[in-house]
Amino acid sequence: GNMDRRMEMEALIRTAGESSTPLIIAGDTNMRVAEDKVMENQLKLVEFWKLAGSDWKTKWTWDTKDHGTQFNRYYGEDTRQYNARYDRIYATDQS
């Protein structure tokens, strides 16, 4: 959950130490929207999607909504349809 992800990020930051080279953390983090503030404000990480302009068309990394393209055919008509951005790319703020 939330605390596990925070602890994992803190461990990565500690392991990287005080290097002058930015630490880049990328992957399927299962990060929720509420965790962005923790990562950015408390851990001082920069999120690349936001840095790149936050284009809403590229926001979702998980999307089971039916957009008329038959994407949801793998999940079936009765599947809960939602979208989320679980994948993240963060870097330590070197400014």
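Side chains are part of it too, since the values below use all heavy atoms of this structure and drop only hydrogens, waters and symmetry mates.
For W49, the side-chain hydrogen bond (donor to acceptor under 3.5 Å, both in side chains) partners are T58, not counting sequence neighbours. Taking E8 as the reference, nothing meets the salt bridge (Lys or Arg N to Asp or Glu O under 4.0 Å) condition, with sequence neighbours excluded. In this structure D36 satisfies the salt bridge (Lys or Arg N to Asp or Glu O under 4.0 Å) test together with K50, R85, R88, sequence neighbours excluded.
Using a 4.5 Å heavy-atom threshold, the side chains of R6 and M39 count as touching. Under the 4.5 Å side-chain criterion, counting only non-hydrogen atoms from C-beta, N30 is in contact with R32. Contact check for L45 versus E40: no side-chain heavy atoms found under the 4.5 Å cut-off. In this structure, T29 and D87 have side chains that are not in contact, with every pair of non-hydrogen atoms separated by 4.5 Å or more.
Separating the CD1 atom in I25 from the CZ atom in F48 is a distance of 10.5 Å, to the nearest 0.5 Å. For the atom pair N83 CG and W60 CH2, the distance stands at 4.5 Å (nearest 0.5 Å).
A single hydrophobic cluster is seen to contain both Y90 and I13, as judged by linkage of ILVMFWY side chains at heavy-atom distances under 4.5 Å, directly or through other members.
A salt bridge links E35 with R5: the closest approach of a Lys/Arg side-chain nitrogen to an acidic carboxylate oxygen falls below 4.0 angstrom.
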Item to check | Step-by-step side-chain contact (heavy atoms from CB on, under 4.5 Å) determination, M9 to M31 | outcome: CA-CA 11 Å; M9 291 292 200; M31 197 80 58; 3.8 Å; yes

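The minimum heavy-atom distance between A16 and L23, with the atom names listed, is CB-CD2, 3.9 Å.
A side-chain donor-acceptor contact under 3.5 Å links K44 to the backbone of N41. Between the side chain of T61 and the backbone N or O of Y86 there is at least one donor-acceptor pair closer than 3.5 Å.
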